[in-house]
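Taking it in order: structure first as structure tokens, then the write-up.
Along the sequence shown, residues carry numbers from 1.
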Amino acid sequence: MSYFTFENKQVYYQELGHGEPLLLLHGNTASSAMFEEAAIKFMENHTVILIDFLGHGKSERILEFPADLWFYEAQQVIAFLEEKNYNNVSLIGSSGGALVAINVALERPKLIHKVIADSFEGENPLQAFTETIGEQRELSKKANEIRGFYISMHGDDWEKVVDCDTQAIEKHSREIGKFFHKSLEDFVPPILLTGSKEDEFVSELNVNYFEKTYSNLIKKIGHGEMFLFEKGGHPAMLSNLDTFVRISENFLHK
């Protein structure tokens, strides 16, 4: 197994296949294991890079997650890319990983070729989500399927990982309230925003949530594309994997 050091902690990564570099960024309470099937498909045309953010998966554990979690994880990605002398890297971030991908591109645009940001809420946290996150996470621990997901991502200490994530989300909502340190007007690389109209996290709020939110983001950025799936849950990337890969490859190679 391969690791790089960030703030004296060991961060797990993998490099798979050959071709143009493509870094897949996992979401909250997940790890790079969520991309097992996706990585195989993308390996046909890319060197696929997978990272477990600190505190997740096979990476070293930390006592607590910082409130500015998605920026902190972006700093890990930047450190990795600079240490490994990667440039012209494309990023695919799913859910919380999409926030990380956008932060990376805002902070180090010269390192990034293109960005695909999938199934995320926009510039700011959804209050309807953050207000009930503690209760919802406790329920999720008791649901066999979700509990099995947590275990597959992290192993025996999965509950600590989930609790740290929940606490970070709550603290971020109270103390910070925005995901990006720089203005979206400064975003440089081409970007594709994706999501599912049936995403369980936003569809009950507004069936047109992604269409409205992504349109506003593209307007602020000044460029970008959007693709919304009619069907599928959260994240759209995995619930529509074959179509997502096709759309992504078309975007990355045009």
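Under the ring pair (Phe, Tyr, Trp, His ring centres under 6.0 Å) criterion, the residue pairs touching residues 115-136 are F120-Y214, F129-F201, with sequence neighbours excluded.
Judged by distance alone, the side chain of H253 and the main-chain N or O of E249 form a donor-acceptor pair under 3.5 Å. For the pair N124 (side chain) and G177 (backbone), a donor-acceptor distance under 3.5 Å is present. At least one donor-acceptor pair closer than 3.5 Å links the side chain of H154 to the backbone N or O of T29. For D118 (side chain) and M237 (main-chain N/O), a donor-acceptor pair under 3.5 Å exists by modelled atom type. In this structure, the side chain of D52 engages the main chain of K58 through a donor-acceptor pair within 3.5 Å. At distances below 3.5 Å, not a single donor-acceptor pair connects side-chain atoms of S90 with backbone N or O atoms of V115. With hydrogens and angles ignored, the 3.5 Å screen pairs no side-chain donor or acceptor of S173 with any backbone N or O of E170. Of the possible polar contacts, none joining the S95 side chain to the G27 backbone as a donor-acceptor pair under 3.5 Å is found. No donor-acceptor pair closer than 3.5 Å links the side chain of Y86 to the backbone N or O of I112. Between the S203 side chain and the D199 main chain, a donor and an acceptor come within less than 3.5 Å of each other.
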Inset, instruction - Check the pair F71, L99 against side chain to side chain contact (heavy atoms under 4.5 Å, CB included), reporting the backbone distance first and the verdict last. - result: CA-CA 8 Å; F71 187 79; L99 304 175; over 6 Å; no
Inset, instruction - Starting from the C-alpha separation in whole Å, work towards a yes-or-no answer on salt bridge (charged side-chain N to carboxylate O under 4.0 Å, His left out) for E64 and K160. - result: CA-CA 9 Å; E64 63 178 359; K160 176 63 175 176; over 6 Å; no
Inset, instruction - Any chance you could lay out the side chain to side chain contact (heavy atoms under 4.5 Å, CB included) test for L81 and N87, step after step, and finish with the verdict? - result: CA-CA 7 Å; L81 295 177; N87 57 65; over 6 Å; no
Inset, instruction - Give the intermediate values and the outcome of side chain to side chain contact (heavy atoms under 4.5 Å, CB included) for residues E20 and N88. - result: CA-CA 8 Å; E20 298 175 353; N88 209 36; over 6 Å; no
Inset, instruction - Let me see the working for F244 and I92 under side chain to side chain contact (heavy atoms under 4.5 Å, CB included), right down to the final yes or no. - result: CA-CA 11 Å; F244 182 89; I92 298 180; 3.9 Å; yes
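In this structure, the ring of F65 has its center less than 6.0 angstrom from the ring center of H56. A ring-centre distance under 6.0 Å is found for Y13 and F80. Aromatic rings of F35 and H26 (six-membered ring for Trp) have centroids beyond the 6.0 Å cut-off, not under it. The aromatic ring centroids of F6 and F4 lie 6.0 Å or more from each other.
Considering every non-hydrogen atom in both S239 and G233, the closest pair reads OG-O, 3.0 Å. Nearest heavy-atom pair, G96 versus W70, reported as atom, atom and distance to 0.1 Å: O-CD1, 3.4 Å. Of all heavy-atom pairs spanning G195 and A236, the tightest one is C-CB, 3.6 Å. Of all the heavy atoms in H223 and I191, the pair that sits closest is O-CG2, 4.1 Å. When every heavy atom of G122 is checked against every heavy atom of F179, the shortest pair comes out as O-CD1, 3.3 Å. Nearest heavy-atom pair across P66 and A168 is O-CB, 3.6 Å.
Within a 6.0 Å radius of CD in E200, more than 12 heavy atoms belonging to other residues, nucleotides or ligands are found. Crowding of E36 atom CD: a count of heavy atoms from other residues, nucleotides or ligands under 6.0 Å not exceeding 12. Residue K178 places its NZ atom among 12 or fewer non-hydrogen atoms of other residues, nucleotides or ligands, all under 6.0 Å distant. Heavy atoms from other residues, nucleotides or ligands lying under 6.0 Å from CD of E82 number more than 12.
Side-chain contact between S140 and R147 is absent, with no heavy atoms from C-beta onward closer than 4.5 Å.
Interatomic distance, CG of N240 versus OG1 of T194, reported as 9.5 Å (0.5 Å rounding). Within the model, atoms CG of D68 and CD of Q75 stand 9.0 Å from one another, a figure rounded to the nearest 0.5 Å. A distance of 12.5 Å separates CD of E138 from OG1 of T132, quoted to the nearest 0.5 Å. In this structure, CG in L106 is found 11.5 Å from CZ in R108, a value given to the nearest 0.5 Å. Here the straight-line distance linking atom CD of E60 with atom CG of N8 works out to 9.0 Å at 0.5 Å rounding. Distance check, rounded to the nearest 0.5 Å: OG1 of T213 to CD1 of I218 gives 11.0 Å.
Listed by chain and number, the residues in a salt bridge (charged side-chain N to carboxylate O under 4.0 Å, His left out) with D157 are R61 (sequence neighbours excluded).
Between K197 and E211, no side-chain nitrogen of the basic residue sits less than 4.0 Å from a carboxylate oxygen of the acidic one, so the salt-bridge criterion is not met. Residues E185 and K220 are not paired through a salt bridge, judged by the lack of any N-O separation under 4.0 Å between the basic side chain and the carboxylate. Ion pairing of R137 with D163 is absent here, as no side-chain N (NZ or NE/NH1/NH2) approaches a carboxylate O to less than 4.0 Å.
Cluster annotation: V89 is not connected to L50 through the hydrophobic network of ILVMFWY side chains, with a link wherever side-chain heavy atoms come within less than 4.5 Å. Both Y72 and I102 are part of a single hydrophobic cluster, where members link through side-chain heavy atoms under 4.5 Å apart. Hydrophobic clustering places I116 together with L16 (ILVMFWY residues linked when any side-chain heavy atoms are closer than 4.5 Å, directly or through intermediates). Residues V100 and I176 do not share a hydrophobic cluster, clusters being chains of Ile/Leu/Val/Met/Phe/Trp/Tyr side chains in contact below 4.5 Å. Transitive grouping of hydrophobic side chains (ILVMFWY, heavy atoms separated by less than 4.5 Å) keeps L192 and L23 in distinct clusters.
For the pair K114 and F251, the cation-pi criterion (under 6.0 Å, within 45° of the ring axis) is fulfilled.
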